[in-house]
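This one's a predicted model, so the numbers in the text were calculated from it and none came from an experiment. Along the sequence shown, the residues carry numbers beginning at 1.
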Amino acid sequence: MNESKLNHDDPSQMEARYINEVKKMTPQQRYEKLMAIIQLSYILKTAKQKSI
């Protein structure tokens with residue numbers, strides 16, 4: 001996962017890059033990435049919104 005960068009390419013190229021990255025990952029790495037996404041989603045869902 002060292003090749004991960006913030007890129008703004010054509011969506012089809014970004015999707016192909018993501019698929020290749022996922023194929024290189026072990027099942028354990030995939031699971032850890034999924035758990036990190038779920039945790040972040042939960043944090044954002046339960047965070048108090050700041051009123052402006």
Side-chain angles (χ1 to χ4, degrees):
M1 291 189 352
N2 294 344
E3 297 176 8
S4 297
K5 296 178 185 176
L6 291 176
N7 290 323
H8 301 285
D9 284 337
D10 185 62
S12 61
Q13 291 177 347
M14 291 175 64
E15 183 178 358
R17 186 180 305 123
Y18 178 75
I19 291 170
N20 287 334
E21 180 181 322
V22 170
K23 285 182 179 181
K24 293 177 188 177
M25 296 169 75
T26 65
Q28 179 67 29
Q29 289 173 320
R30 291 180 193 176
Y31 177 77
E32 290 172 358
K33 189 170 187 175
L34 175 63
M35 289 297 107
I37 291 169
I38 291 172
Q39 289 174 346
L40 179 60
S41 175
Y42 178 77
I43 290 169
L44 291 173
K45 180 180 176 183
T46 59
K48 293 183 179 179
Q49 294 197 1
K50 182 177 181 181
S51 60
I52 300 175

Could you tell me which residues satisfy side chain to side chain donor-acceptor pair (under 3.5 Å) with Glu15, sequence neighbours excluded, listed by chain and number?
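Glu15 satisfies side chain to side chain donor-acceptor pair (under 3.5 Å) with no other residue.
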Do Glu21 and Arg30 sit within salt-bridge range, that is, some charged N less than 4.0 Å from a carboxylate O?
no
Suppose we screen for side chain to side chain contact (heavy atoms under 4.5 Å, CB included). Which residues come up paired with Thr26, at least two apart in sequence or across chains?
Gln28, Gln29
Applying side chain to side chain contact (heavy atoms under 4.5 Å, CB included), can you list everything that pairs with Asp10, at least two apart in sequence or on another chain?
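Asp10 satisfies side chain to side chain contact (heavy atoms under 4.5 Å, CB included) with Ser12, Gln13 only.
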In the hydrophobic clustering (ILVMFWY, side-chain contacts below 4.5 Å, transitive), which residues join Ile38, or is it alone?
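Hydrophobic cluster check, Ile38: joined to Tyr31, Leu34, Met35.
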Run through the side-chain heavy atoms of Ile, Leu, Val, Met, Phe, Trp and Tyr, join any pair under 4.5 Å, and report what else lands in Leu44's cluster.
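Members besides Leu44, by chain and number: Leu40.
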Measure from the side-chain N and O atoms of Ser41 to the backbone N and O of Ile37, and report whether any donor-acceptor pair falls under 3.5 Å.
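Checked: no pair found.
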